Structures are given as C-alpha cells and as structure tokens.
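To find a chain, count down the sequence lines: A is the first, B the second, and so on, and within it residues start at 1. Note that this is a predicted model, so its numbers are computed, not measured. Note that these values count all heavy atoms, side chains included, but never hydrogens, waters or copies made by symmetry.
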Amino acid sequence: MIRDELAYLLTQAAQDAQRAGALPPFDLPPLSVERPKQASHGDYASAAALSLARPARKAPLQIAQAIAQHIPPTDMLGKVEAVPPGFINLTLSDAWLARQADTILAAGMTFGNLDIGRGRKAQVEFVSANPTGPLTIGRTWGAVLGDVIANLLTAAGYAVTREYYFNNAGRQMRILGESVRARYLELLGHSIPGGGDTGAFPEEGYQGEYIYDIARSILETHGSAWAEEDWQPFKEAAEAAVFANIRATLQRFGLEFDVWFNESSLYATGEIERTLAALRERGYAYDADGAVWFRATAFGADKDRVLVKSSGEPTYRLPDIAYHVNKLGRGFEYIVNIFGADHKDEYPDVIAGVRALGLPADCIQVIIHQFINLVRDGKQVRMSTRRANYVTLDDLLDEVTVTNPETGIALPGKDPVRFILLTRSPDSTMNFDLELAKRQSNENPVYYVQYAHARIASILRFAQESGAMAGSVPAEGDVRLLTHPAEMALVRKMLDLQEVVEQAVTKLAPHHLSHYAQDLAATFHAFYRDCRVVSSEPGDRPLMLARLRLVAATQIVLARALGLMGMTAPERM
RNA sequence: GCCCCCGUAGCUCAAGUGGACAGAGCAACUGCCUUCUAAGCAGUGGGCUGCUGGUUCGAGUCCAGCCGGGGGCACCA
C-alpha cells in the first residue's frame, strides 16, 4: 500500500539523517503518515516531526527539514515539502500516477484486494431471524452489514462463510403454530374468540396477515383434515412457509447464505451437554436454586447467569456458547457476529463462556448496530412482529424500485436500500423516513454513483461503435500521455480504494465504501466535464486511446466499489 | 439506580492511531444541454461539532461532570 511505502521511506530518511548527524541519535518510533484534508498539503503528510520534537530536542520544522532532505530518490514522489509547524507534505508524481491507470487495468476486478486474511477461514453470522414472520426493516441493517463485511473480508483475502443461525423450537414457534391453527379453525367457521379452547386465538399470538395466508394454503391442500390436529403440524407448515418467504426476500436483496445453522442440531449432536459438562469440569458452572449457573463473575460480570433453568430448559446462553465452540471447531479463525442493539448484553457472556472453556475468543468480533428508527410523516413508528405492526423488507423493496421514465430502465430496489444503510456508521441512531426514502429515491446518491458507471459504459460503447476503438476494451493507448489535472485527480481517487477497503475491514466499518464511491463518482463527473474522451480528429487519437484506458480503469474501480456493497453496476440507466 | 451507544449545517449523515481552514448528499438560490447519457457540471448561502471544565504544541476525536435521545440491566431470544 502506498501509505506503508511512504512510511518506510520516511523511516529510512530519518535513520539516514541520524547517521549524517542532521538528527541526534535516539530510538525512532514508527512514523505516521496521514491523508491531509486539504489538497494543497499534498497527497500524504506526516506529522512525525511534531512528535519527535521532544526526543530529538529540536524544533519540529528543523526535524521535518532534516527528514525531507534525506528521503531516498524515488519516481513515486514529485514533491516533498517541510512546512511549519513541522509537517512533511508528500506529493505523488504525475508520471507515476499516470502509470497506475495501467496497473489498475491489469488488476481488473482484483484491484483493491488485500492479503491480510492470507486465506484463513472467516465466518460472518447475520440476519439469524427465527422463522416467525417476514423479514422486517429492522433486520435490514444487519443484513446489509453482514453481507458487505463478508464481501470485504473476501476482498481482504479471507475464505468467508456466510451463516444464518436460527431456532425452530421453543415458545415463540409454538405460539406461531397456535396462531396458524387458530386462523385455520377460524376459516373453517369456528368462532373466534370464545369458541372454546379449540379455536381461541392465543393471547400473545401473531396477528399478521401472513398467518391467514399460511392457514389458507393449509386449507387448500388439506381441507378440514387438520381440524383435530394440535399446534405441531401447523408450526411445521408455518416454518416452511415463513422460511420460503425469508429466502425469497433475501435473494431479492442480493443475499445468499452458505450455511443455515439450526440450533436444534446442537442438542442432537450432544454439543450442548458436552459444553455444559466441560464448563462444570472447569468449575465455571454450578447448581443453585434448582438451576445451573454460569460463573460470569469470574469474567468481570456483575452477577452470575443462568445456563439451565430450574425447568430443565437451557437459556439462550448455553446454546450460544456451544454454537461458538462449534464455530471454532470448524476451523474459523475470524468470526464476526452482527447483532442489533437489543442483544448488546448477550455477547459478553458468550465470549466469557468460550474463554471459560480455554478457547481463543479474541478472534470473535461483534458488531452491534443501533435500531432503525422508522419514521413516517415525521412521527416515529414502533415496530412489533407479533402485533403485525411492521414494514417488511419486501414492501420496502417494492416501494423504492425506480424506473427511469425516459429510458424505461428499472434498477432493483435493493440498491437504494443498501446504499442508504451503508452511509451510516452502525453506531449511528438513524432515522429512516419512509416517505422521504420513496420521494427522494430518484435523487438517492446511489444513482449518482451508478450513473457514473453507466456513463463510462456509454463512452466505451460510443468509442467502439464509432470505430475509434477496435474492441470493447481499450487495448492500446499510452497512459504516459495523461497529464491533465482532472486525469491525475481521477487516478488519485482510484488508488484510494485499497486504503478504503483496509479501513472498512479492519474497523468493520463498511460505510466508508459508500462515501468513497460518491467521491470517486464526483471525481469522474468532473473529469467528464473537463476532458473530452472520444475524438475523430487524427491528432487527438493518442490521447483518446490513453483516456479510454483511464476511463476503463475508472469503470473497474466503480464496479468494484458497487460490487463490494452488493449493488448493481448498470451499463445503461 | 447501574452499564453500553449516540448528540456535527434546515434535514439525513461523514470525518484513519488526537493534526494544519470540520466535509458530502438532500432541501434553498444562480448559471450551463447543436458534440462521449443533464440521474450531470459550476457557483452562493448555511456550523460556538449538546453544555461546562480538564489533558497538550494541537480536541468533533481523549478524560470528568451535566443535559437530551436510543438500547440493555431475565430461570425471554
């Protein structure tokens, strides 16, 4: 990476300066290299001299000058400046920058990839909604975060598994079955409520319209044959129907999971029991008040937690711990869990449980995202799946799908939804205004980015159709002819991708991608204004070919950024 | 009461381990389509970064205390 190379050059320079006596001898700390906010401060800048003032016992500016003078010659740098109060500003050379257009073209869709994963196995667990109803907007943020983090980890050199963890047993699923059964009996003409214990709608039942849909389809296939059945077959049917719906929604959202992990399998394989036994053996599980407790206080918790209720039923903690033991057993060396803010207090127990078993827990990362604060007409909407007060992801995707009235070309609704969610940091408590999202969908920044991609596709198409370029790819062309400031700005912005990916991966902060994509698109649009690409003038041909290569490189980087975000990169809009 | 997250332009949000004048988009206003897509470009206005102290060469960023919003503090998941 460029920044690392520059940091290395600066360190060499500082050492040379010490050998030459321009700097006093002392142990050099790692020298920082940053991206200055202001363009006049160069492409990169180091404030190292400011922090070296104390150990060197010298004025920062003098230190900066000494380092600047000893930077080894390199064709990468065009200008090196030491400026008050002691910054070293570094500017990349135009010739070097121009050559990078070729480098990007050669890298193709691998441009921006890193090797920090070195092929290690990573797992991202997300969505993980139990099959009690359709996916709601509330789940959407986690879905985007998980998917894009998985994409980023793949780009960073990890072998990634996307995993969906669910529980199809337990109380909520029973209530789901009972709800469907009640609707089924209602459709058969049994009176609800008060129709005796056969038909009463469960007090905490799911009231959504989809319960009727499931009941109706049971009625269609089985007629009245299930009238005497208890809730269990209804639960089975409901689970199948809800999962089919969830899978369809996820696919629409551009999401594929590699593994669907059923919590029940942990019981079937005995992993739950073994985990509990191992915790007991190590003295981290004990009996009290008829329950089994986890000694969470040994890991800094304020009180111990229940693992197995006095009813004999485990709490969520035990399977969660067993599940993570299972993950580690499958060889994952990097594990990312995406949770909503309501699960905030859950993971410390899980991490502690893993530690209690003597297993490594440092590789387990948890992203807690805040809730989407759904707003309609400026008023907050409280969502509850059970009370059928929710907006499904499907509904949302329908609403924001936008068609260009002039060209008739439609873009999928997943793009604006993903983009909106990817402009916010997971920590941010965001307001998602439904009306606003719909109303402004045509001016959503996502289209701005996609438009840049389509514009490039159009230029390349035009170049080919007008005979200016032989194939669909600009094979020839000497990028050394690129010198225009707008061209240089474009290359600079493209080169940033690697650092953005690094940032986004190491900080698990995918929202950097969307901001980068907007920047890159803006830089391209400015280039488009300043530099005409296709020309029929014979004298313009060499520069045209060079610019076609530049533009093709830009298309790659835009497609890469959009691809990492799971969005389409349209050829036409 | 205790713990975690957030508070930045009218609105929605950014801001790499503390760095040089806090940035985008939307909304508002002014210009620009006979030439590769105007879903575009150029420009204008808009900020005591919730408040008060502290740390230091330097704070939106770190510390303390307040105020306001969200989430949690289960033998629910």
Could you list the protein-to-nucleotides 38-44 of chain B atom pairs, N/O on both sides, closer than 3.5 Å?
unit_1, atom_1, unit_2, atom_2, d
B:A38, OP2, A:Arg455, NE, 3.4
B:A38, OP2, A:Arg455, NH2, 2.3
B:A39, N7, A:Asn404, ND2, 3.0
B:A39, N6, A:Asn404, ND2, 3.1
B:G40, O2', A:Arg455, NH1, 2.8
B:C41, OP1, A:Tyr448, OH, 2.5
B:C41, O3', A:Arg529, NH1, 2.6
B:C41, O2', A:Arg529, NH1, 3.1
B:A42, OP1, A:Arg529, NH1, 3.0
B:A42, O5', A:Arg529, NH1, 3.4

Could you write out each protein N or O paired with an N or O of nucleotides 54-62 of chain B at a distance under 3.5 Å?
unit_1, atom_1, unit_2, atom_2, d
B:C57, OP1, A:Arg54, NH2, 3.1

Exercise. Does the B:C75 base have a donor-acceptor partner in the side chain of A:Ser310 within less than 3.5 Å?
Worked result: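 Flag set: donor-acceptor pair detected.
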
Problem set entry | Side-chain-base donor-acceptor pair under 3.5 Å for A:Asn89 and B:A20 |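 Yes, the side chain and the base share a sub-3.5 Å donor-acceptor pair.
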
Distance test, side-chain N/O of [X] to OP1/OP2 of [N], below 4.0 Å:
X	N	value
A:Lys309	B:A74	no
A:His512	B:A15	yes
A:Lys344	B:G70	no
A:His369	B:G71	no

Hey, does [X] reach any base, or is it just sugar-phosphate, or nothing, if we go heavy atoms under 4.0 Å?
X	answer
A:Phe462	sugar-phosphate
A:Glu313	nothing
A:Asp342	base
A:Ala457	nothing
A:Arg3	base

Problem set entry | Test: A:Arg171 and A:Glu204 ion pair at under 4.0 Å |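 A:Glu204 and A:Arg171: salt-bridged.
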
Exercise. Are A:Glu125 and A:Lys327 close enough for a salt bridge, meaning some N to O gap below 4.0 Å?
Worked result: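 Salt bridge flag = yes for A:Lys327 with A:Glu125.
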
Problem set entry | side chain to side chain contact (heavy atoms under 4.5 Å, CB included) partner of A:Arg418, chosen from A:Val446, A:Leu562, A:Val148 |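 Only one of A:Val446, A:Leu562, A:Val148 forms a side chain to side chain contact (heavy atoms under 4.5 Å, CB included) with A:Arg418, namely A:Val148.
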
For this session: Run through A:Leu508, A:Leu114, A:Val500, A:Leu513 and flag the one making a side chain to side chain contact (heavy atoms under 4.5 Å, CB included) with A:Leu152.
Result: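 The side chain to side chain contact (heavy atoms under 4.5 Å, CB included) with A:Leu152 is passed solely by A:Leu513 among A:Leu508, A:Leu114, A:Val500, A:Leu513.
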
Problem set entry | Per-nucleotide pairing state of RNA chain B [Watson-Crick or G-U, under 3.5 Å; [ ] pseudoknot-crossing; | other strand] | (((((((..((((.....[...)))).(((((.......))))).....(((((..]....))))))))))))....

Any donor-acceptor N or O pair under 3.5 Å, side chains [X], [Y]:
X	Y	answer
A:Asp415	A:Thr568	yes
A:Gln503	A:Thr506	no
A:Gln172	A:Tyr206	yes
A:Asn337	A:His343	no

Nucleotide nearest [X] (side chain, heavy atoms from C-beta), chosen from [options]:
X	options	answer
A:Thr423	B:C13, B:A74, B:A14	B:C13
A:Trp293	B:A14, B:C75, B:A77	B:C75
A:Ala291	B:C75, B:C36, B:A20	B:C75
A:Ile459	B:C36, B:C73, B:U12	B:C36
A:Glu263	B:C75, B:G71, B:A77	B:A77

Problem set entry | B:G71 and B:A64, which share atom name C1', separated by this distance in whole Å |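 The answer is 24 Å between these two C1' atoms.
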
For this session: With C1' as the reference atom in both, quote the distance from B:G68 to B:U52 in angstrom, rounded to an integer.
Result: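 Approximately 15 Å lies between the C1' atom of B:G68 and that of B:U52.
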
Exercise. Quick one: is the NZ or CZ of A:Arg455 closer than 6.0 Å to the six-membered ring centre of A:Phe524, and within 45° of its axis?
Worked result: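 Relative to the ring axis of A:Phe524, which defines the angle, A:Arg455 lies outside at least one limit.
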
Report yes if the distance between the aromatic ring centroids of [X] and [Y] is under 6.0 Å, otherwise no.
X	Y	value
A:His525	A:Tyr448	yes
A:Tyr347	A:Phe339	no
A:Phe299	A:Tyr284	yes

For this session: Would you sort out whether A:Leu520 and A:Met494 count as a side-chain contact (heavy atoms from CB on, under 4.5 Å), showing the intermediate values?
Result: CA-CA 7 Å; A:Leu520 179 58; A:Met494 289 194 266; 4.0 Å; yes

